[in-house]
Amino acid sequence: MDPLNQTQVSRRGFLASSGAALATASSSTAAQAKPKIRIAQVGTGGRGVYWGTDLVKNYSDVVTLVGLCDINGKRVKVARELMGADAPTYVDFDQMVKETNPDLILITTTDSAHAGYIVHAMELGKDVLTEKPLCTDEQQAQAIRDAEKRYGKRLIVGFNARHYAEAKKIKQLLMDKAIGDVISVDYQEYLDTSHGASYFRRWHRLKEMSGTLLVSKSCHHFDQVNWWLDSPPVEVVAYGDLKFYGRNNSFRGTHCRVCPYRNKCQFFWDVTKSASAVKLYVDCESEDGYQVDGCVWRQDVNIYDTYSVMVKYANGARLTYTANTFMPYEGQEIGINGTKGRIDFNMYGGGGYKDFQLRMTPNFGKSELVTDLPRRTGGHGGADPSLHDLIFREWDQPDPLGLKANSLAGALSSLVGIAGYRSIERGGERVKLADLAKL
Ligand SMILES: NC(=O)c1ccc[n+]([C@@H]2O[C@H](COP(=O)([O-])OP(=O)(O)OC[C@H]3O[C@@H](n4cnc5c(N)ncnc54)[C@H](O)[C@@H]3O)[C@@H](O)[C@H]2O)c1
């Protein structure tokens, strides 16, 4: 029986029905009888530990973490300790699912491994919550959409970037037609020599692992614009290059800890200064050789560190997007140009919100700052707790801003990035999303 069709709230079909159970479970005694959602998590690196810790600390009234899995048998045990969880640990996903019988699979592995687990989890009859990006190439996008139809399971993508106070306000302003119809969006992303460099130290540096930063990083931004515009992206043109990291240096090592150039390299980073990073990564290297302090100058870097993308939307709007990953400061500059005015959002200093400004300027009217937005504390400027509450406490409540991101949203945001790297591979050719996958 397809659990999604059950009218009675059950642990099955979490994303379709059990938000109601979650919402009441925390507040009524009658709901005590309602079972908690059983979550099995795969991928227990930094982000995985963040999710797991949050579930244990803040959502244990509505969810139970029943299993943890990672290909690195040491890391998954350290992760359990860091999370404060008591779930059994596994290196075999199928064994975990068989033994723990979860309702929901939470996927926090490296990017290119998401799709395989999504499809397999659905095949095993499970709903899925996955970190972004949904997938890293067009075949994966197709396989996920096909699996969802075939197995009738549901999927949510953890797009926390929709949950920034300013992102929500922009959505509201656009829904209210505050600037009329949107003609174009200008979006510039700046990653600094710390945050930006972090992607070139690790697996993200390999296209086959991350789908390049056009997918791994920029899927957040493409999703925001897709959601703001409420119209599907249809066509992409992009240029990109590796101009700074990788081969672009006269010296290189393997990883910082043993590097002979540590005294002269401005990118020397001492992982041993972080006790938790040593526990989670350095002490587990014997299992898989994964070094989080890899050299940013390695010759095998095959992603782009600078890129420019143009996207055409079904409604005729255009996005002009650039990202640079070796900037002296973090930030974003976003301009949304409508028939009746413009919205500007400028943010410098990253998710910590050091300096930011949202401005609304009607044509022929007074330009005003939008201030006093409700702001939460917590990861990514309060965006993470907002996302987690939506999923675990508010799933059955009205969602006027459309914050819930399903597989289509995940696929379209990934596909903009995938079309972007295909376009770059083909020397700036125009790539139609419909030619990549039939969604
Ligand atoms: N939404 C956000 O703000 C945000 C922030 C950081 C990371 N992320 C995403 O979270 C995910 C994890 O990122 P991270 O920084 O924790 O990376 P990480 O390298 O710290 O951890 C990834 C973990 O996945 C494990 N893994 C890899 N392949 C696996 C497989 N086939 N089966 C089981 N485990 C496997 C690795 O051993 C590692 O423990 C990525 O998809 C990343 O894009 C999202």
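Atoms within each ligand, like the ligands themselves, are counted from 1 in listed order. When reading the values below, keep in mind they use all heavy atoms of this one structure, side chains included, and skip hydrogens, waters and symmetry mates. Because the structure is predicted, anything quoted here is derived from the model rather than measured.
- Side-chain rings of His195 and Tyr199 approach one another, their centers coming within less than 6.0 Å.
- For atom 19 (O) of ligand 1, the closest non-hydrogen atom on the protein side is Tyr290 OH, 2.6 Å.
- Salt bridge status for Lys404 with Glu394: absent, with no side-chain N to carboxylate O gap under 4.0 Å.
- Every atom of ligand 1 is numbered from 1 in the order shown, and the set under 4.0 Å from a heavy atom of Gly45 is 16 (O), 20 (O), 21 (O), 23 (C), 39 (O).
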Show your reasoning for whether side chain to side chain contact (heavy atoms under 4.5 Å, CB included) applies to Thr109 and His114. CA-CA 6 Å; Thr109 63; His114 294 180; 3.2 Å; yes
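- Listed by number with element, the atoms of ligand 1 under 4.0 angstrom from any heavy atom of Arg75 are 36 (C), 37 (O), 38 (C), 39 (O).
- Note on Asp186 versus Arg318: no salt bridge recorded, every NZ/NE/NH1/NH2 to OD/OE distance being 4.0 Å or above.
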May I have the step-by-step check of ring-ring contact (aromatic ring centres under 6.0 Å, His included) for Tyr290 and Tyr281, ending in yes or no? CA-CA 7 Å; Tyr290 174 28; Tyr281 298 109; 5.7 Å; yes
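- For ligand 1, the atoms lying closer than 4.0 Å to a non-hydrogen atom of Val42 are 33 (C).
- Considering only non-hydrogen protein atoms, atom 35 (C) of ligand 1 sits nearest to Ile71 CG1, 3.5 Å.
- When Val78, Val215, Thr44, Thr110 are ranked by how near their heavy atoms come to atom 27 (C) of ligand 1, first place goes to Thr110.
- Here the heavy atom of the protein found nearest to atom 15 (O) of ligand 1 is Arg202 NH1, 3.5 Å.
- Every atom of ligand 1 with a heavy atom of His220 under 4.0 Å away is listed here by number and element: 1 (N), 2 (C), 3 (O).
- Polar contact with ligand 1: absent for Ser216 (N/O pair, distance under 3.5 Å).
- Residue contacts with ligand 1 include His114, since one of its heavy atoms falls under 4.0 Å from the ligand.
- Salt-bridge formation is not detected for the pair Asp283/Lys77: no Lys NZ or Arg NE/NH1/NH2 atom is positioned less than 4.0 Å from an Asp or Glu carboxylate oxygen.
- When hydrogens are left out, the protein atom nearest atom 44 (C) of ligand 1 is Glu131 OE1, 3.2 Å; that is the closest non-hydrogen contact.
- Taking a cut-off of under 4.0 Å to the non-hydrogen atoms of Tyr281, the atoms of ligand 1 that pass are 18 (P), 20 (O).
- Any N or O atom pair closer than 3.5 Å counts here, and Asp384 shares no such pair with ligand 1.
- With Tyr117, Tyr90, Phe159 as candidates, the residue nearest to atom 33 (C) of ligand 1 on a non-hydrogen basis is Tyr117.
- Ligand-side atoms of ligand 1 in range of Thr108: 11 (C), 12 (C), range being under 4.0 angstrom from any heavy atom.
- For ligand 1 and His380, the ligand atoms under 4.0 Å from any heavy atom of the residue are 3 (O).
- Between Glu285 and Arg257, at least one side-chain N (NZ, or NE/NH1/NH2) sits under 4.0 Å from a carboxylate O, which counts as a salt bridge.
- None of Leu369, Val370, Asn346 except one satisfies the side chain to side chain contact (heavy atoms under 4.5 Å, CB included) rule with Arg359; the exception is Leu369.
- Between Tyr307 and Tyr239, the ring center distance fails the sub-6.0 Å criterion.
- Compare Asp288, Asp111, Thr109 by their heavy atoms: the one nearest to atom 11 (C) of ligand 1 is in Thr109.
- Considering backbone and side-chain N/O atoms, Gly46 comes within less than 3.5 Å of an N/O atom of ligand 1.
- At the top of the distance list for atom 25 (C) of ligand 1, counting protein heavy atoms only, stands Asp70 OD2, 3.2 Å.
- Taking 4.0 Å as the cut-off, Tyr50 does not count as a neighbour of ligand 1 on heavy-atom distance.
- The single protein non-hydrogen atom nearest to atom 3 (O) of ligand 1 is Asn160 ND2, 2.9 Å, given as residue, atom name and distance.
- A ring-centre distance under 6.0 Å is found for Phe222 and Tyr321.
- If you look at Phe267 and Trp297, their ring centroids are closer than 6.0 Å.
- In terms of protein heavy-atom proximity, atom 8 (N) of ligand 1 is nearest to Arg47 CG, 3.7 Å.
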One pair to check against side chain to side chain contact (heavy atoms under 4.5 Å, CB included): Leu191 and Glu189. What are the steps and the verdict? CA-CA 7 Å; Leu191 297 173; Glu189 171 76 7; 3.5 Å; yes
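- At a threshold of 4.5 Å between non-hydrogen side-chain atoms, the residues Asp103 and Asp127 do not count as touching.
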